[in-house]
J.: 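Pasting a structure here, questions to come.
The figures here come from the full heavy-atom set of this structure, side chains too, leaving out hydrogens, waters and symmetry mates.
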Amino acid sequence: MIKTHSLNLKRDGNIVIQDIDFSWDKGENIVIVGPNGAGKSTLALGLSGIIPPDSGSIVIDSKDILDYDLKSLREKTGIVFQDPEMQFVTTDVWREIGFGLTNIRADRTEIKERVDAVIRDFNLGDILDRDPSALSAGEKQMVAIASIYAMEPEYLIFDEVTSFLDRKSRERVYGLWKSINSSLLIITQNFEEINFGERVILLEDGKISFEAKTGDLEGSSHFSYNSDFFNLLKQNKERIPQYDRILELLK
């Protein structure tokens with residue numbers, strides 16, 4: 001389990017995440033939604049250990065996140081960013097996928113076997129020698145996901161990774177979400193993606209303002225016409241199969 005207690009996180013000297021208590025069970029997939037500037041990416045950076053708590057705590061499997069060394073932390077948590085080029089450090093796809101493994105695994109044979117397996121799983125064989133930065137948007141995102149997935153983290157965070165993808169590329173990512181064994185935290189503004197989580201959380205102004213089991217959303221009293229959550233639903237109604245049913249419940 002990943003658990004926070006009274007967590008505060010700063011960016012550029014400003015408190016962005018404010019006094020959050022949050023839990024993420026192993027084996028659980030969670031979707032976090034919220035408007036721009038709500039603190040979603042900052043929370044992701046904190047949970048992945050990239051930025052330290054300003055106050056409060058983050059505990060991963062009964063151990064404070066600050067007590068992990070980098071190798072152990074990367075075996076626990078991984079993050080894929082909205083802009084995949086933020087992650088690229090090499091000039092060909094094979095080495096990009098293997099780069100993280102070289103930091104956590106010493107056995108070269110094991111690294112090769114793992115990279116080759118991920119390449120097959122992600123169907124990336126045709127672009128192995130290409131520079132990741134020269135790929136299409138969809139290919140870049142798949143390589144970024146593959147490079148983190150190769151390290152087999154127990155908890156895997158996706159920070160709005162489908163925002164700039166076309167429908168075909170999004171479907172490839174959705175297929176991966178269905179098959180990945182890690183516990184997933186999906187940060188998105190696309191309500192179509194709520195269905196990939198057992199629980200949905202609304203983050204606003206650095207605080208959790210609403211959460212529910214995904215299957216209970218239709219009967220939630222939080223769906224008032226003036227709520228921020230409902231406004232986000234309305235903006236995404238074409239992507240939400242249950243949207244008309246929610247409207248009926250609100251009448």
J.: Is K213 salt-bridged to E198, cutoff N-O under 4.0 Å?
T.: no

J.: Is the shortest side-chain heavy-atom distance between L101 and R114 below 4.5 Å?
T.: yes

J.: Counting heavy atoms not belonging to D205, are there more than 12 under 6.0 Å from its CG?
T.: no

J.: Roughly how far, to the nearest 0.5 Å, is the CD atom of Q18 from the CG atom of L9?
T.: 10.5 Å

J.: Can you confirm whether more than 12 heavy atoms, excluding those of K112, are under 6.0 Å from its NZ atom?
T.: no

J.: By the ring-ring contact (aromatic ring centres under 6.0 Å, His included) test, which pairs, at least two apart or in different chains, include something from residues 17-70?
T.: W24-Y155

J.: Do V118 and I145 sit in the same hydrophobic cluster, where Ile, Leu, Val, Met, Phe, Trp and Tyr count as joined when their side-chain heavy atoms come under 4.5 Å apart?
T.: yes

J.: Only one of I148, I157, V173 forms a side chain to side chain contact (heavy atoms under 4.5 Å, CB included) with V80, so which one is it?
T.: I148

J.: Could you please spell out the steps behind the side chain to side chain donor-acceptor pair (under 3.5 Å) verdict for S72 and E75?
T.: CA-CA 5 Å; S72 299; E75 291 174 336; 4.8 Å; no

J.: What verdict does the side-chain contact (heavy atoms from CB on, under 4.5 Å) test give for E152 and N181, after you've listed the backbone C-alpha separation in whole Å, the side-chain angles of each residue and the deciding distance to 0.1 Å?
T.: CA-CA 9 Å; E152 300 180 309; N181 292 325; over 6 Å; no

J.: Verify salt bridge (charged side-chain N to carboxylate O under 4.0 Å, His left out) between E85 and K140, making sure each step is shown before the conclusion.
T.: CA-CA 7 Å; E85 292 199 44; K140 287 177 182 177; 2.6 Å; yes

J.: Rounded to the nearest 0.5 Å, what's the gap from CG on L7 to OG1 on T42? Could you check?
T.: 10.5 Å

J.: Could you walk me through whether I65 and T77 pass the side-chain contact (heavy atoms from CB on, under 4.5 Å) check?
T.: CA-CA 10 Å; I65 195 169; T77 67; 5.8 Å; no

J.: Tell me whether K207 at atom NZ has more than 12 heavy atoms from other residues, nucleotides or ligands lying less than 6.0 Å away.
T.: no

J.: Mind checking what makes salt bridge (charged side-chain N to carboxylate O under 4.0 Å, His left out) contact with E113, not counting sequence neighbours?
T.: none

J.: Stepwise, does the side-chain contact (heavy atoms from CB on, under 4.5 Å) test hold for E211 with V200?
T.: CA-CA 6 Å; E211 65 178 296; V200 61; over 6 Å; no

J.: Answer yes or no: does atom CG of D129 have more than 12 heavy-atom neighbours from other residues, nucleotides or ligands under 6.0 Å?
T.: no

J.: Start with the C-alpha gap between K3 and D21, add the side-chain angles, then the distance that decides, and say whether salt bridge (charged side-chain N to carboxylate O under 4.0 Å, His left out) holds.
T.: CA-CA 7 Å; K3 189 176 181 65; D21 292 326; over 6 Å; no

J.: With respect to L202, which candidate in I208, V31, I32, V33 satisfies the side chain to side chain contact (heavy atoms under 4.5 Å, CB included) definition?
T.: V33

J.: How many angstroms lie between atom CG of N29 and atom CG of N195, to the nearest 0.5 angstrom?
T.: 12.5 Å

J.: Could you tell me whether the side chains of S147 and E96 share a donor-acceptor contact shorter than 3.5 Å?
T.: no

J.: With under 30° as parallel and over 60° as perpendicular, where do the rings of W177 and F196 fit, or are they tilted in between?
T.: perpendicular

J.: Taking the side chain as every heavy atom from C-beta outward, state whether I58 and L47 have any pair of such atoms under 4.5 Å apart.
T.: yes

J.: For residues F158 and F81, establish whether the separation of their ring centroids is below 6.0 Å.
T.: no

J.: Assess, by modelled atom type and distance only, whether the side chains of S55 and N8 contain a donor and an acceptor separated by less than 3.5 Å.
T.: yes

J.: Mind running side chain to side chain donor-acceptor pair (under 3.5 Å) on S183 and E28 for me, showing each step along the way?
T.: CA-CA 5 Å; S183 307; E28 180 186 28; over 6 Å; no

J.: Show every salt bridge (charged side-chain N to carboxylate O under 4.0 Å, His left out) that has at least one partner inside residues 155-164, sequence neighbours left out.
T.: K40-E160

J.: Are side-chain N/O atoms of E204 and S209 paired as donor and acceptor at under 3.5 Å?
T.: yes

J.: Which one of Q141, R170, E193 satisfies the side chain to side chain donor-acceptor pair (under 3.5 Å) criterion with T162?
T.: E193

